[in-house]
There are 4 protein chains.
Amino acid sequence: MSSILKERSLERTAVATARAPHTKEQQRRASIEKLLAAALALFVTRGYHATSVEQVAARAGLTKGAVYFYFRSKARLLLTLLDRVEEQVIAPTLEAIAAGTDPRDKLVAFMHSQSLAGEKRAEPMLLAILMATEFHGSRDPIERRLDGLFAQMHAALTAVVEQGKAARVFRRDLGTAETVSFIMAMNQGCFVEWYRRRTELDGPAFVRAMRGIVLDGVIAR
Amino acid sequence: MSSILKERSLERTAVATARAPHTKEQQRRASIEKLLAAALALFVTRGYHATSVEQVAARAGLTKGAVYFYFRSKARLLLTLLDRVEEQVIAPTLEAIAAGTDPRDKLVAFMHSQSLAGEKRAEPMLLAILMATEFHGSRDPIERRLDGLFAQMHAALTAVVEQGKAARVFRRDLGTAETVSFIMAMNQGCFVEWYRRRTELDGPAFVRAMRGIVLDGVIAR
Amino acid sequence: MSSILKERSLERTAVATARAPHTKEQQRRASIEKLLAAALALFVTRGYHATSVEQVAARAGLTKGAVYFYFRSKARLLLTLLDRVEEQVIAPTLEAIAAGTDPRDKLVAFMHSQSLAGEKRAEPMLLAILMATEFHGSRDPIERRLDGLFAQMHAALTAVVEQGKAARVFRRDLGTAETVSFIMAMNQGCFVEWYRRRTELDGPAFVRAMRGIVLDGVIAR
Amino acid sequence: MSSILKERSLERTAVATARAPHTKEQQRRASIEKLLAAALALFVTRGYHATSVEQVAARAGLTKGAVYFYFRSKARLLLTLLDRVEEQVIAPTLEAIAAGTDPRDKLVAFMHSQSLAGEKRAEPMLLAILMATEFHGSRDPIERRLDGLFAQMHAALTAVVEQGKAARVFRRDLGTAETVSFIMAMNQGCFVEWYRRRTELDGPAFVRAMRGIVLDGVIAR
DNA sequence: GATGAATGAGACTTCATTCAT
DNA sequence: TATGAATGAAGTCTCATTCAT
């Protein structure tokens with residue numbers, strides 16, 4: 001949410017665009033993007049602790065110093081990445097849920113939005129899930145940030161399930177908290193499974209299976 | 001499967017029990033158990049890489065050296081733990097599946113066995129899931145060991161689903177691989193979710209929700 | 001032969017000398033030299049295994065980390081030192097041999113070159129000899145490097161002895177391999193002896209004794 | 001010289017031989033011999049520091065504890081071995097020198113005795129040479145012990161050379177200390193070379209070369 | 001007579017981080 | 001803007017040694 005970079009870069013955008021295309025500002029942006037992309041790829045495949053700042057820098061074609069110049073620490077590098085997850089994955093999902101008219105619609109919207117994310121932005125979403133695993137119980141600020149991200153989705157889904165049960169569209173024999181947890185857990189589990197078995201699984205078919213099973217299981221008959 | 005410890009201790013069990021277990025053997029066992037218990041707890045809560053051998057030893061009331069005396073490396077400590085997961089969680093689940101008579105029965109048996117494990121042996125099962133995340137893509141021998149563990153369950157479930165579809169008890173509109181992956185993913189996701197939200201969730205209710213949704217979603221109507 | 005350092009530093013020498021060598025490059029060089037000098041002194045007096053990286057760093061006025069920054073391992077530190085031995089001791093000796101016109105000349109050149117090395121570069125030469133002892137039979141890459149170094153001198157001397165015997169200048173009653181081994185062994189033995197008894201022995205007198213005995217013993221009467 | 005073991009074992013020899021052959025005393029001896037043999041082989045091939053007490057014990061078919069039971073430390077293990085070197089190699093050589101009638105004879109006796117040792121007891125002699133290299137400059141008691149061993153031979157040779165020069169049988173243009181050092185150095189260097197190139201060199205031929213060169217080089221014409 | 005459990009010091013190495021340039 | 005030198009803490013592992021049995 002609060003990337004260190006945003007403010008600084010925005011205040012110079014005007015000047016930069018007025019002047020010319022190949023400016024310091026552009027290089028700055030490019031370096032930042034290269035570093036974030038490198039970090040994302042490495043954190044997702046190797047994990048945060050197993051990835052060294054040097055590896056991130058090398059993959060971005062820069063040196064360690066650059067990471068510390070743009071991000072003040074390895075942790076902020078991850079936090080900046082998590083800001084993007086919020087913008088690009090969480091926020092759209094929340095909006096999609098909000099846009100739905102009835103509970104069933106909202107649940108479908110949630111799943112649809114998530115599978116879209118899985119297709120277009122698999123890595124950012126995966127990052128949040130994997131980092132939640134890696135930092136769980138660490139008492140690190142990063143854990144709190146991640147808890148915040150998931151809490152938003154959790155809250156939104158809780159509202160949907162309550163609504164659904166009130167409207168007698170969803171099964172009422174299951175606890176709300178338990179239903180929500182199930183949906184979140186299944187969603188995250190499937191994300192990870194899909195990422196790992198990318199080559200073996202048929203993406204659309206997997207999404208269909210997932211959606212079908214959950215809807216049939218959650219919707220009251 | 002091949003714990004370093006088993007051989008040595010077993011070959012002496014006869015002698016030991018004949019003479020009544022005396023201190024050397026007892027101490028050996030006790031130290032090993034303390035170390036394994038400490039490692040299990042720490043690996044599950046902090047992760048493997050984030051846990052130092054010294055922390056494991058300290059939690060067991062011993063020193064680093066003792067860890068290296070019994071297990072020859074940090075990796076073997078984890079591998080020994082995974083041997084136990086296989087014995088205590090995977091094997092019983094496979095047996096439960098095998099004991100089921102029809103596909104529906106077998107699927108229920110799988111879920112039941114897994115939720116039992118979640119109740120009685122949450123940490124060992126969780127260990128396998130979390131380590132699979134931490135070591136995925138590492139090319140480490142540990143990754144291969146984990147792949148082996150999950151492959152067993154995957155294979156068993158694949159057989160169940162094929163049977164179920166052949167008998168027209170399970171939905172036939174979903175791909176087998178996708179259905180199996182869904183079941184595994186959901187199962188693992190729920191395990192993690194339940195562990196993390198232990199205090200907020202009602203265990204039995206959560207298991208009921210999970211089971212209900214999946215059965216209703218998988219079984220053909 | 002392939003010092004890690006050479007490439008990097010050489011490619012910048014032009015720029016550096018053009019602009020007058022400034023601090024970064026100078027500091028780099030200075031630190032490397034300090035580390036290599038410290039390592040050389042310690043490896044020669046205490047041996048490789050008995051010398052810790054920390055001792056090397058401390059003697060150079062730096063910390064362990066600096067050693068790993070410049071050389072990536074303790075082994076590379078030694079290998080870099082061996083590169084220098086090759087350049088500064090082995091190569092000149094080979095050249096001296098090559099420059100000799102007849103076998104007797106070449107043998108004298110060999111001994112002269114070696115005693116010069118003993119005077120001016122006792123430590124580098126000694127390093128090779130002592131490390132050959134320490135690593136013999138270790139199957140370590142360092143052993144292979146050392147074998148390579150000595151093989152060059154061995155080959156050169158073999159040619160000289162063959163030539164000498166063919167020209168009937170050298171004794172023909174002794175096997176070539178045995179004569180060469182004797183020369184190498186005597187040379188190395190004397191190097192070590194001289195280093196150890198530096199204070200008691202008269203260097204020039206020792207060299208004279210050595211040379212006299214060998215020549216009188218090898219040359220046919 | 002002062003093996004810890006001798007006293008103890010001797011006082012029981014009487015009892016042991018009186019009783020029966022397969023006694024504790026015999027086993028004791030056997031274990032000690034196995035340990036010493038293992039240590040000798042390992043120290044010579046891998047070096048003292050690079051050999052762990054555990055490796056020694058394992059090669060002897062025993063455990064670490066046994067080493068500490070018989071020898072109180074790793075150092076004493078080596079010291080005991082050096083006692084044997086003195087008995088089996090140094091002493092006989094000194095006696096051989098003493099038995100010679102004139103200087104030339106004594107020098108030949110020295111070289112003959114040493115080459116005999118090289119044939120029959122290569123490892124013990126080698127041990128002394130290699131350990132002298134490994135411990136030189138260490139200020140360890142072992143270094144002093146080794147200095148003592150070599151000092152004996154040095155002293156004996158010094159007497160021989162002085163005699164030889166006085167009798168005008170040896171070259172008088174070379175310093176005594178330098179000549180002695182040369183002989184010692186050449187002798188040790190050849191020992192090592194021969195051990196390393198055992199397979200390539202013809203032992204007798206090598207000894208002949210060595211002896212021929214040295215005698216021709218030392219004896220006055 | 002010998003083992004096996006356990007320790008603790010110290011080794012090599014990695015890595016996040018700082019800072020002068 | 002970015003690099004490269006350097007640090008220091010921490011991590012995995014080895015090993016000589018002690019001691020109860």
Side-chain angles (χ1 to χ4, degrees), chain A residues 23-25 27-28 30-32 35 49-57 61-70 72-75 77, chain B residues 8 22-28 30-32 49-57 61-75 77, chain C residues 8 22-28 30-32 35 49-57 61-75 77, chain D residues 23-25 27-28 30-32 35 49-57 61-75 77:
Chain A
T23 100
K24 281 183 186 173
E25 181 55 28
Q27 192 176 326
R28 176 187 183 78
S31 292
I32 289 173
L35 287 171
H49 288 103
T51 300
S52 72
V53 173
E54 190 138 41
Q55 287 169 337
V56 173
L62 293 167
T63 59
K64 263 190 301 186
V67 175
Y68 284 87
F69 178 73
Y70 287 114
R72 292 211 313 272
S73 68
K74 190 186 179 188
L77 184 57
Chain B
R8 275 224 251 171
H22 54 307
T23 1
K24 267 272 177 67
E25 184 60 22
Q26 275 184 346
Q27 193 170 332
R28 177 188 184 77
S31 293
I32 289 172
H49 288 103
T51 300
S52 74
V53 172
E54 190 142 38
Q55 287 168 341
V56 172
L62 292 166
T63 59
K64 267 182 305 182
V67 174
Y68 285 90
F69 176 71
Y70 286 114
F71 309 92
R72 292 209 314 271
S73 67
K74 191 186 178 187
L77 183 56
Chain C
R8 275 225 252 172
H22 54 307
T23 2
K24 267 274 177 65
E25 183 61 23
Q26 275 184 346
Q27 192 169 332
R28 177 187 184 77
S31 293
I32 288 173
L35 289 171
H49 288 103
T51 300
S52 73
V53 172
E54 190 143 37
Q55 288 169 340
V56 173
L62 292 166
T63 60
K64 269 182 303 182
V67 175
Y68 285 89
F69 175 71
Y70 287 114
F71 309 92
R72 292 209 315 271
S73 67
K74 191 185 178 186
L77 183 55
Chain D
T23 101
K24 279 183 187 172
E25 182 55 27
Q27 190 177 329
R28 176 188 184 77
S31 291
I32 289 173
L35 288 171
H49 288 102
T51 300
S52 73
V53 172
E54 190 138 41
Q55 287 169 338
V56 173
L62 293 167
T63 59
K64 262 190 302 186
V67 175
Y68 284 87
F69 178 73
Y70 288 114
F71 308 92
R72 294 211 313 272
S73 68
K74 191 186 178 186
L77 184 56

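Lettering of chains follows the sequences in order, A, B, ..., and the numbering in each one begins at 1.
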- Query: side-chain contact (heavy atoms from CB on, under 4.5 Å) between Val67(C) and Leu62(C): does it pass, once the steps are laid out?
  - Reply: CA-CA 8 Å; Val67(C) 175; Leu62(C) 292 166; over 6 Å; no
- Task: Kindly say whether, by distance alone, the side chain of Lys64(D) makes a donor-acceptor pair under 3.5 Å with the base of dT3(E)?
- Result: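 No such pair is found, so the answer is no.
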- Message: I'd like to know if Lys24(C) reaches the base of dT3(F) with its side chain, counting only an N/O donor and acceptor under 3.5 Å.
- Response: yes
- Check whether any side-chain N or O of Gln27(B) sits under 3.5 Å from a backbone N or O of Lys24(B) as a donor-acceptor pair, and report yes or no.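 No, Gln27(B) side chain to Lys24(B) backbone: no donor-acceptor pair under 3.5 Å.
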- Query: Where do Leu77(B) and Tyr70(B) land on the side-chain contact (heavy atoms from CB on, under 4.5 Å) test, with the steps shown first?
  - Reply: CA-CA 9 Å; Leu77(B) 183 56; Tyr70(B) 286 114; over 6 Å; no
Starting the side chain at C-beta, find the nucleotide from [options] nearest to [X].
X        : options                 : answer
Thr63(C) : dT7(F), dG1(E), dT12(F) : dT7(F)
Tyr70(C) : dG1(E), dA5(F), dT13(E) : dA5(F)
Phe69(C) : dT17(F), dA5(E), dG4(F) : dG4(F)

Provide, to the nearest angstrom, the distance between the [atom1] atom belonging to [X] and the [atom2] atom belonging to [N].
X        : N       : atom1 : atom2 : answer
Glu54(B) : dG10(E) : CD    : P     : 15 Å
Ile32(A) : dT1(F)  : CD1   : C1'   : 11 Å
Leu62(A) : dG4(F)  : CG    : P     : 11 Å
Phe71(D) : dT17(F) : CZ    : C1'   : 16 Å
Arg28(B) : dA20(F) : CZ    : C1'   : 16 Å

- Item | Contact nearer the 5' end of DNA chain E, comparing Tyr68(C) with Lys74(A) | Tyr68(C)
- Earlier contact from the 5' end, DNA chain F, for Ser52(D) and Ser31(C):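 On the 5' side of the pair lies Ser31(C).
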